[in-house]
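Structure first, then comments.
Reminder, nothing fancy here: chain letters follow the sequence lines and each chain counts from 1. Excluded from the calculations below are hydrogen atoms, water molecules and symmetry mates; all remaining heavy atoms, backbone and side chain alike, are included.
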Amino acid sequence: MRLEVDITSKKFESAAGEQHDVIGGVSFALDAGEVGVLVGPSGCGKSTMLRILAGLDHDFQGRVSRPVSARIGFVFQEPRLLPWRSVEENVRIAAPLADEAKLSALFDILELKAHRNHFPGELSLGLARRVALARAFAVEPDFLILDEPLASLDVALAARLRDEIATLVEGRSMITLLVTHDMDDAVRLGDRVILLSPRPARILADLPIRTPRSTRGDAETAAIKADIMRRINGDPTKQAAL
Amino acid sequence: MPRLLSFALFLAVWWIGSLFAGDVKLPSPPAVLTVMIAEARSGDLFFHLGATLARVTLAFTLAMTLGAAIGYLMGRVRLADRLGDPWLILLLNLPALVVIVLAYIWAGLTEVAAIAAIAINKLPTAVVTLREGARALDAALDEMATVFAMPPWSKLRHVVLPQLSPYIAAAARSGLSLVWKIVLVAELLGRPNGVGFEIGVAFQLFDIPLLLAYSLSFAAVVLVIETLLVQPFEARLSRWRPRAA
């Protein structure tokens, strides 16, 4: 299973009728079992790209190929839960085939056990994000999309949730695409870091991380991060070669 | 408790009013109650109430079902909105009396004509309310349902209907009152039974106690429906909302 993306251009018309280029030219491929991380400044068109990849937006130039029957798990930037259904119902409605054992394992990892019967309006943002994660993993996705799943959480909570995501990603072989503007998250979770330019988005660099995720300690992540930073900010000819 | 108090106040105002206006123009509450009991004893009250209630139920269900479907379509599909809008404005502004009279002329003094005429009167307001609801549907949740490949039935039940429920409740509440007002006109003009028919009789005989006995009995039925059906239903639907202080 493989995701191939070749978007040559995506334009967006504003309410005032002006044309904006959102994506300039982005092409990459991801294999099953690989975690690709898209990193770029805010507003560079990352979320637009995710919507195209998930099949929600067909109005673009280029080609996206993913297996036709691929089940998609999507963690949106806002949790997008159904406020009138309980936590458990939210997960079950999206994943009607998931069995009880699987669900309780998921709720266990994401520390949602005590909240099964709560409504989303009764949860904090951190908990609501976890429910959105549970929902995405419960469908047993072939293609998992995470759109800034750690944004606007405090540092400690973000770190915990990041570890939980890492555990869940390790547990299943699928194509995973994570979007973030945080280099730390990118380096800790990704197998490959794809750096995007400001709008209209182009790929600045596509950098593989060879150290396995589980063996990346604080020192290793810092080193990888420094290496990436050096590569982008440093020698421009080298950057082009990447 | 406040509801009981409010009801007592209503009775007091009525009684005082009848003292000023005189028993002929506005009979006192006990006088009306006596007629009500007599009509109930003979069985007439329940027969006519039942006939009217059956018409209300049928016309209301018909108008709400059709109105919700058309309103949803017009709120979601632009072409449907463009095509349907002139019809909607026409129907909204067509007097109930015209629809009823035409229905009786075209279809005869039949039950079908009466119920269809009542439903047609209610239909446009249901369409307008549900169209607003369909326009206000959250695109973000719609995308979520698409991405997770939710089957249409599941999407309708868990994503669309809960968002429409306040609009459905509003349409139902205003619709119930509208339908029961119009049903009386339809009965007065061309039905041999029902509360409207009895009020016609009372009008011809200038029998104000009979008139009040029937209209207040039906008002009581509507109040019971509202308290026992509509309000608990609404409360159940909105139990997920954080409670207001």
Side-chain angles (χ1 to χ4, degrees), chain A residues 47-48 50-58 66 68-98 117-124 128 131-147 177, chain B residues 68 71-72 75-79 81 129-130 132-173 229-245:
Chain A
S47 291
T48 309
L50 291 190
R51 296 188 60 243
I52 291 174
L53 299 189
L56 289 170
D57 190 341
H58 301 282
R66 61 184 151 83
V68 191
S69 58
R71 270 195 306 272
I72 300 177
F74 203 134
V75 179
F76 296 92
Q77 223 171 89
E78 339 75 72
R80 294 201 192 180
L81 303 173
L82 302 171
W84 38 83
R85 294 287 183 265
S86 71
V87 165
E88 180 168 344
E89 284 167 338
N90 261 285
V91 176
R92 282 189 186 277
I93 288 165
L97 302 176
N117 297 319
H118 287 171
F119 286 110
E122 299 168 320
L123 304 177
S124 63
V131 180
L133 278 166
R135 179 174 65 186
F137 279 99
V139 301
E140 308 205 319
D142 304 305
F143 179 22
L144 176 69
I145 305 174
L146 304 152
D147 190 359
L177 194 59
Chain B
Y72 180 78
R76 300 298 282 174
V77 183
R78 219 195 186 137
L79 183 67
D81 192 33
T129 313
L130 266 295
E132 287 314 309
R135 280 177 181 162
L137 286 175
D138 188 350
L141 290 180
D142 204 51
E143 284 188 354
M144 185 278 290
T146 309
V147 163
F148 284 97
M150 280 167 73
W153 166 243
S154 168
K155 184 177 161 188
L156 180 74
R157 194 173 144 211
H158 299 296
V159 182
V160 177
L161 280 182
Q163 292 184 74
L164 290 182
S165 69
Y167 295 87
I168 293 173
R173 182 162 285 162
L229 278 174
V230 180
Q231 284 181 6
F233 183 64
E234 262 192 315
R236 196 184 143 66
L237 284 183
S238 61
R239 83 206 128 102
W240 57 274
R241 284 180 207 276
R243 273 172 205 85

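A salt bridge links B/R135 and B/E132; the closest N-O separation between the charged side-chain nitrogens and carboxylate oxygens is under 4.0 Å.
A/R135 places no side-chain N or O within 3.5 Å of a backbone atom of A/N90 that could act as its donor or acceptor partner. Without hydrogens or angle criteria, A/W84 side chain to B/H158 main chain gives a donor-acceptor distance under 3.5 Å.
Ranked by heavy-atom pairs under 4.5 Å with chain B, the first of A/E89, A/R85, A/R71 is A/R85. Residue with the most contacts toward chain B among A/L81, A/L82, A/I72: A/L82 (heavy-atom pairs, distance under 4.5 Å). With chain B as the partner, the residue from A/E78, A/R80, A/R51, A/H118 showing the most heavy-atom pairs under 4.5 Å is A/R80.
Looking at heavy atoms from C-beta onward, B/L137 lies out of side-chain contact with B/V159 at the 4.5 angstrom threshold. Taking 4.5 Å as the limit, every side-chain heavy atom of B/L130 sits out of range of all side-chain heavy atoms of B/Y72.
Proximity to chain B is limited to the side chain of A/L56, based on heavy atoms less than 4.5 angstrom apart. Proximity to chain B is limited to the side chain of A/F76, based on heavy atoms less than 4.5 angstrom apart. Of the two parts of B/A149, neither the backbone nor the side chain holds a non-hydrogen atom closer than 4.5 Å to a non-hydrogen atom of chain A. Looking at B/M150, the atoms closer than 4.5 Å to chain A (heavy atoms on both sides) all sit in the side chain, from C-beta outward.
Pairing each heavy atom of A/V75 with each of A/A136, the nearest pair is CG2-CB, 3.5 Å.
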